[in-house]
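Numbered from 1 within each chain, the chains take letters A, B, ... in sequence-line order.
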Amino acid sequence: MNKLPVNEQKRILEERYPHLLVEEEKTKEKEKTLPPLPNAEKGKVKTRFAPNPDFVIHLGNARPAILSDEYAKMYDGKMVLRFEDTDPRTKKPLREAYDLIKEDLKWLGVKWHEEYIQSQRMSIYYDIARELIRRGCAYIDLCKEKSRELLRAGKACETRNNPVEWQLEHFEKMLNGEYNEGEAVLRIKTKLDHPNPSVRDWVAMRIIDTVKNPHPLVGSKYTAWPTYNFAVSVDDHLMGITHVLRGKEHQVNTEKQLYIYNCMRWRPPEFIHFGRLKLEGFIMSKSYIRRLMEENPDKFLGYDDPRFGTIAGLRRRGITPEAIRTVILEVGIKPGDAKLSWANLASVNRKILDDRADRIMFIDEPIELVIEADKCLEAKIPYHPNRPEKTRTIKICPGDKIYINKRDKADEVRLIGLGNFKLEENKAVFTGESLEYARNMKLSIIQWTPVAQSVSVEVLVPKELELIRVQGYAEPAIREYKVDDKLQFIRYGFIRIDSIGEKYVVVFSHK
RNA sequence: GCCGCGGUAGUAUAGCCCGGCCCAGUAUGCGGGCCUUUCGAGCCCGUGACCCGGGUUCAAAUCCCGGCCGCGGCACCA
């Protein structure tokens with residue numbers, strides 16, 4: 001059956017099992033869609049993506065961004081972009097990261113309707129903090145280190161029971177810079193016997209010495225900074241977020257945040273937590289990437305090195321935003337972890353690139369051959385098999401030299417577009433133009449390039465932590481392309497043009 | 001250690017809530033073939049999975065119990 005031509009197979013299939021063909025077309029139509037959101041109403045959904053601008057985002061961060069975007073679109077809702085930069089000490093924001101992240105999101109096709117920066121909203125947090133104190137839900141803790149032990153034992157600092165006036169007064173002292181780091185914190189009252197000690201009277205605000213650690217946006221203006229859990233609750237409510245999509249590392253945070261909602265009598269949003277996403281063979285961790293770059297300043301090309309799983313790195317590798325979105329939607333919102341295989345991403349990307357990428361001949365193991373023929377020859381080669389009308393022409397005359405790959409050397413081959421040749425020690429003897437003949441003889445159909453007009457190309461091939469540099473030659477037509485264009489080097493793989501100088505530097509995407 | 005969440009082929013995912021139509025579907029990978037001026041794409045065939053053990057039931061991937069494994073959290077990080 002398999003040896004029959006496709007047409008024949010199809011005919012037999014139609015004859016015997018006509019229903020199978022119909023079924024097949026039906027399933028093809030089916031596209032992966034996200035499950036519905038709980039309590040979601042069309043036009044009223046509002047999601048948010050809240051990155052910490054301490055570095056560029058990676059594929060794992062792109063998951064909540066794309067999912068939030070996708071759900072907002074699905075329900076004709078809105079999406080908020082919010083920079084969470086409230087720790088100038090241990091998670092110091094990077095000034096460039098704010099814009100870099102926005103660029104990455106735009107490139108990914110993520111659309112947001114509102115944009116906020118937490119460090120610009122400090123007075124809002126202060127106001128809510130005062131209200132929390134007035135309602136008896138928060139207190140100033142002056143016990144320093146001792147609190148940790150007390151809380152672990154299910155007890156709290158004595159100041160917890162001080163009157164509201166005392167709390168308010170000391171809160172203002174916190175704001176006025178009367179305390180140093182570690183001397184005072186604002187805590188949210190919780191059950192003191194909560195099974196998770198970190199939930200017990202969790203910290204909502206602490207002192208950070210911004211003279212020592214100035215904030216890139218607001219400098220040393222503030223010393224009392226809200227913690228993640230506090231700022232997030234306030235913002236999610238004030239911004240009208242209805243659905244929070246985030247990783248499962250936030251599960252416990254949700255519990256903490258609910259104390260704020262309860263005290264303020266706010267209606268909490270729906271929380272959806274999903275598992276972690278890894279990409280096989282790529283480095284994703286922000287801190288690890290930073291360390292690698294610091295320790296090996298010459299080894300990496302930047303935060304967008306194609307060996308990194310940053311969005312910028314994947315972009316540089318030649319991965320399309322469509323491919324990233326496709327795999328993220330495929331993984332969906334299930335709570336389990338996912339280790340995406342590179343083969344999977346590459347395959348999705350290949351399908352997208354296949355129709356877009358022009359085909360160019362490239363030789364990475366060159367051997368020189370002199371053409372022997374009785375006349376000049378012209379190779380008319382389509383840029384893409386799907387668009388045969390658009391071609392370039394390469395003229396070769398007797399005595400001209402060409403490159404072919406050493407590994408392609410055989411007694412007789414067909415040079416793409418040019419004709420059939422018998423190969424000798426260092427010459428190629430033209431034997432005819434017949435494609436028919438080449439097929440019948442099962443000749444290898446190989447790429448080649450004219451020596452005189454060849455363009456030097458360096459291919460950067462990412463391999464785990466290494467970047468292999470392959471030198472070679474491309475046919476002259478490569479000159480028609482610019483940086484960031486994606487091509488397929490025939491019988492070699494897909495590449496993205498990285499820079500154009502003395503030679504073309506390209507990044508190998510995948511086969 | 002404690003708390004929480006998971007475990008479907010190499011990878012990803014469908015089915016699990018509402019047990020039978022699932023001797024488990026799809027994509028990718030791998031093997032083979034057809035087609036094709038690429039070892040690409042397309043098409044065809046094949047390959048391969050319900051973590052383990054009990055229980056409930058006429059019937060369990062689906063429900064219940066126990067175990068094992070994995071992940072997350074246990075911060076004045078986000």
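The base of B:U11 is not paired with the side chain of A:E280 by any donor and acceptor separated by under 3.5 Å.
A:L487 has its CG atom 18 Å from the P atom of B:G40, to the nearest Å. When rounded to the nearest whole Å, the span between NE2 of A:H384 and C1' of B:G40 equals 9 Å. The CD1 atom of A:I352 sits 12 Å away from the P atom of B:G42 (whole-angstrom rounding). If you take CG of A:L435 and P of B:U36, they are 9 Å apart, rounded to a whole angstrom. Put simply, CD1 on A:I381 is 19 Å from P on B:G40, counting in whole angstrom units. Atom-to-atom, CD of A:E436 to P of B:U36 comes out at 10 Å; the value is rounded to the nearest Å. Rounded to whole angstrom, the span from the CD atom of A:E255 across to the P atom of B:C3 amounts to 13 Å. A:H194 has its NE2 atom 12 Å from the P atom of B:C3, to the nearest Å.
Judged by the 6.0 Å distance and 45° axis criteria, A:R121 is positioned over the aromatic ring of A:Y116. Both the sub-6.0 Å distance and the 45° axial angle are satisfied by A:R392 relative to the ring of A:Y383.
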Under the salt bridge (charged side-chain N to carboxylate O under 4.0 Å, His left out) criterion, do A:D235 and A:R48 qualify, and how do the steps go?
-> CA-CA 10 Å; A:D235 282 346; A:R48 46 79 154 179; over 6 Å; no

Give the intermediate values and the outcome of ring-ring contact (aromatic ring centres under 6.0 Å, His included) for residues A:H250 and A:Y228.
-> CA-CA 11 Å; A:H250 288 295; A:Y228 168 78; 5.1 Å; yes

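For B:C45 and B:G6, the P atoms lie 38 Å apart once the distance is rounded to whole Å. Nucleotides B:C3 and B:A24, compared at atom P, are 39 Å apart to the nearest Å. Comparing the same atom, P, in B:G40 and in B:C34 gives a spacing of 14 Å after rounding to whole Å. Here the separation of B:C71 from B:U26, taken at their P atoms, is 31 Å to the nearest Å. Separating the P atom of B:A14 from that of B:C2 is a span of 32 Å, rounded to the nearest Å. Comparing the C1' positions of B:C43 and B:G66 gives an interatomic distance of 50 Å, to the nearest angstrom. Between the P atoms of B:A27 and B:G4, the separation comes to 40 Å (whole Å). B:C64 and B:A78 have their C1' atoms separated by 39 Å, given to the nearest Å.
Scored by the side chain to side chain donor-acceptor pair (under 3.5 Å) test, A:E178 finds no partners at all (sequence neighbours excluded).
Between A:D236 and A:R82, at least one side-chain nitrogen of the basic residue sits less than 4.0 Å from a carboxylate oxygen of the acidic one, meeting the salt-bridge criterion. Ion pairing between A:K102 and A:E115 holds under the 4.0 Å rule for side-chain N and carboxylate O. Ion pair A:R356/A:E322 flagged as a salt bridge, since at least one NZ, NE, NH1 or NH2 atom sits closer than 4.0 Å to an Asp/Glu carboxylate oxygen. Of the charged side-chain nitrogens involved, at least one lies within less than 4.0 Å of a carboxylate oxygen, so that A:R387 and A:D355 count as a salt-bridged pair. By the 4.0 Å N-to-carboxylate-O rule, A:K91 lies too far from A:D54 to be salt-bridged with it.
Of the residues in residues 53-61 of chain A, none has a non-hydrogen atom less than 4.0 angstrom from any atom of RNA chain B. Listed by residue number, A:D408, A:R414, A:I416, A:G417 are the residues of residues 403-420 of chain A with a heavy-atom contact under 4.0 Å to RNA chain B.
A:S341 places a side-chain heavy atom less than 4.5 Å from the side chain of A:E280. Under the 4.5 Å side-chain criterion, counting only non-hydrogen atoms from C-beta, A:W112 is not in contact with A:F49. Side-chain contact between A:K286 and A:H58 is present, with at least one heavy-atom pair separated by less than 4.5 Å. Residues A:Y288 and A:R290 form no side-chain contact, since every pair of their non-hydrogen atoms from C-beta on lies 4.5 Å or further apart.
With the nearest nucleotide of RNA chain B identified for both A:A343 and A:I490, A:A343 has the one nearer the 5' end. Comparing A:V348 and A:I445, the nucleotide of RNA chain B nearest to each residue sits closer to the 5' end for A:V348.
A:S220 contributes a side-chain N or O that, together with a main-chain N or O of A:T210, makes up a donor-acceptor pair within less than 3.5 Å.
Taking a pair as Watson-Crick or G-U wobble with both distances under 3.5 Å, RNA chain B forms stems of 3 or more consecutive pairs at B:1-7 with B:68-74, B:10-13 with B:25-28, B:29-34 with B:42-47, B:51-55 with B:63-67.
Distances shown here put every side-chain N or O of A:R350 at or beyond 4.0 Å from the OP1 or OP2 atom of B:G40. For B:C2, neither phosphate oxygen OP1 nor OP2 lies less than 4.0 angstrom from any side-chain nitrogen or oxygen of A:R200. Under 4.0 angstrom from either OP1 or OP2 of B:G10 there lies no side-chain N or O belonging to A:K339.
In this structure, A:K351 reaches the sugar-phosphate backbone alone: every heavy-atom distance under 4.0 Å involves primed, P, OP1 or OP2 atoms, never a base.
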Sugar-phosphate means primed atoms, P, OP1 and OP2; the rest is base. With that split, encode nucleotides 71-78 of chain B 5' to 3' as B, S or - using protein heavy atoms under 4.0 Å.
-> BSSS-BBB

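Among the nucleotides B:A12, B:A41, B:U13, the one closest to the side chain of A:D354 is B:A41.
Note on residues 324-367 of chain A: pairs passing ring pair (Phe, Tyr, Trp, His ring centres under 6.0 Å), not counting sequence neighbours, are A:F282-A:W342, A:F362-A:F489, A:F362-A:Y492.
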